[in-house]
Amino acid sequence: MDVYSFTTIYARAVELAEAMPTSASLVYREGLVYRTYGKYDVTAVVRQGRKLLVQLDTFQPIPEQVVFAKWQGEYRTWQKKVHLLKNTALLHGALTEQGSITLYKDALAYECELCGYDLTAYSKSVLIHECCHYLQREAMGKEQWFGTGANIDAMRTVKETLAEFLRYYWCLQQGQQKMAEAIAASLVGNKAYYPGYPYAGAKVLIALYHKDAGAATALFERMWRLSFSDWYGAYRALEEAEKI
């Protein structure tokens, strides 16, 4: 059995999720809890982008090279800010530092009432996401999983990309098409950019899956393997795949 294969990881996550409701490692919390991702205010970044476009319109057909080079530098800086836009998201589950899994039952109930999902299925999908985190953490060890010395933004994106794609895949396998489509459709606007919104990396794997399922699971496996020795290498693999 290849412990790094997508099939094995998925099977282990499903098995763990099935057993988790009777485990002391699963904790339910009440209340709606929000988490903020990213660093830059959306309004300020939009304003800066519009300013750059106005500047571009004023250039002559062959712009003076020094001026244009300066504009290009400002544009590249602006692009980085776009990928780190601030985003507040409702928290549905979490893997704690102690290794237990928390599900936020009020958030789950709220989403199900809002979108018409089956609560049991929706909760299980979130549990699959957290079980992916659990398996990766257990395999590499607590210290390494929390990213000592790693690029935090890249590390977080790799973790959430793998876990959210596994959740998406589970929804497809269970015939939960509406939930699967909602996961893909949610990665728009300021939620479309990683590493600012780390879950956005899943859109690359999801898009690839619908072009070539084998290529998507192969990329999952590659990112999983790389994460054990090189978080940034796994992140770069995701970036490279987005360019295809």
Shortest non-hydrogen contact between Gly93 and Tyr104, atoms and distance: N-CD1, 3.7 Å
Lys159 charged N/C atom sitting above Trp145 aromatic ring, 6.0 Å / 45°: yes
Pair Thr157-Thr161, side-chain donor/acceptor within less than 3.5 Å: no
Nearest heavy-atom pair of Ala180 and Leu172: which atoms, and what distance? CB-CD2, 3.6 Å
What's the separation between atom CZ in Arg76 and atom NZ in Lys80, rounded to the nearest 0.5 Å? 8.5 Å
I'd like to know if the side chain of Glu221 and the backbone of Phe6 have a donor-acceptor N/O pair within less than 3.5 Å. yes
Any donor-acceptor N/O pair, Ser123 side chain to Thr120 backbone, under 3.5 Å: no
Pairwise side-chain contact, Arg12 with Thr8, heavy-atom cut-off 4.5 Å (strictly under): yes
Hydrophobic cluster membership, Ile9 vs Tyr168, 4.5 Å side-chain cutoff: yes
Just do the side-chain contact (heavy atoms from CB on, under 4.5 Å) check on Leu56 and Phe68 with the steps written out, would you? CA-CA 9 Å; Leu56 184 61; Phe68 189 60; 4.2 Å; yes
Flag the pair Val14 / Trp170 as yes when at least one side-chain heavy-atom distance between them is below 4.5 Å, and no otherwise. yes
Measuring from Thr43:OG1 to Leu85:CG, what's the distance to the nearest 0.5 Å? 10.0 Å
Under a 4.5 Å side-chain heavy-atom rule over Ile, Leu, Val, Met, Phe, Trp and Tyr, are Phe228 and Tyr10 clustered together? yes
Report yes if the distance between the aromatic ring centroids of Phe220 and Tyr169 is under 6.0 Å, otherwise no. no
Give me the one residue out of Arg156, Met155, Glu164 that meets side-chain contact (heavy atoms from CB on, under 4.5 Å) with Pro198. Arg156
Nearest 0.5 Å, please: how far is SG in Cys132 from CG in Leu162? 5.5 Å
What are the two closest heavy atoms between Leu119 and Cys112, and how far apart are they? CA-SG, 3.5 Å
Go through the steps for Val33 and Leu90 under the test side-chain contact (heavy atoms from CB on, under 4.5 Å), then give the verdict. CA-CA 6 Å; Val33 179; Leu90 184 62; 5.9 Å; no
Report yes or no: do Leu32 and Tyr28 belong to one cluster of Ile/Leu/Val/Met/Phe/Trp/Tyr joined by side chain heavy-atom distances under 4.5 Å? no
Is the side chain of Trp224 donor-acceptor paired with the backbone N or O of Tyr4 at a distance under 3.5 Å, no angle test? no
Please name the pair of heavy atoms, one in Leu187 and one in Ala192, separated by the smallest distance, quoted to 0.1 Å. O-CB, 3.6 Å
Has the side chain of Arg137 got a donor or acceptor atom that lies under 3.5 Å from a matching backbone atom of Glu97? yes
If we only count heavy atoms from C-beta on, is the Val27 to Leu103 side-chain gap below 4.5 Å? no
Of all heavy-atom pairs linking Ser227 and Gln144, the shortest is O-NE2, 3.9 Å
Side chain to side chain, Ile101 and Thr96, heavy atoms closer than 4.5 Å: no
Run the side-chain contact (heavy atoms from CB on, under 4.5 Å) check on Phe165 and Tyr209 step by step: do they pass? CA-CA 10 Å; Phe165 178 73; Tyr209 182 81; 3.9 Å; yes
Quick test of your reading of the model: are Arg236 and Glu239 salt-bridged, counting only N-O distances below 4.0 Å? yes
Which atoms form the tightest heavy-atom contact between Tyr197 and Asn190, and what is the distance? CB-O, 4.1 Å
Please determine whether residues Met179 and Leu91 belong to a single hydrophobic cluster, defined as Ile, Leu, Val, Met, Phe, Trp and Tyr linked transitively by side-chain heavy-atom distances below 4.5 Å. no
Before we go on, tell me: are the rings of Tyr235 and Trp231 under 6.0 Å apart, centre to centre? no
Please determine whether a side-chain nitrogen of the Lys or Arg among Asp153 and Lys39 lies less than 4.0 Å from a carboxylate oxygen of the Asp or Glu. yes
Taking side chain as C-beta onward, heavy atoms only, is Leu26 less than 4.5 Å from Leu127? yes
In this structure, OG1 of Thr88 is separated from OH of Tyr34 (nearest 0.5 Å) by 9.5 Å
Mind checking whether His92 and Leu108 have side chains closer than 4.5 Å, heavy atoms only? yes
Val45 backbone acceptor or donor facing Trp78 side chain under 3.5 Å: yes
Over 60° means perpendicular and under 30° means parallel, so tell me whether His83 and Tyr193 are parallel, tilted or perpendicular. perpendicular
To the nearest 0.5 angstrom, please state how far the CD1 atom of Ile183 sits from the SG atom of Cys171. 4.0 Å
Can you tell me how far apart OH (Tyr134) and CE (Met20) are? Round to the nearest 0.5 Å. 6.0 Å
Would you call His129 and Glu160 a side-chain contact if the rule is heavy atoms closer than 4.5 Å? yes
Would a distance-only check, ignoring hydrogens and angles, find a side-chain to backbone donor-acceptor pair under 3.5 Å from Thr77 to Gly73? yes
Where the side chain of Lys86 meets the backbone of Tyr37, is there a donor-acceptor pair that is under 3.5 Å apart? no
Polar side chain donor-acceptor pair, Ser125 to Arg167, under 3.5 angstrom: yes
Judged by modelled atom types alone, do Glu242 and Tyr194 share a side-chain donor-acceptor pair under 3.5 Å? yes
Can you find a heavy atom in the side chain of Thr36 that is under 4.5 Å from one in the side chain of Asn87? no
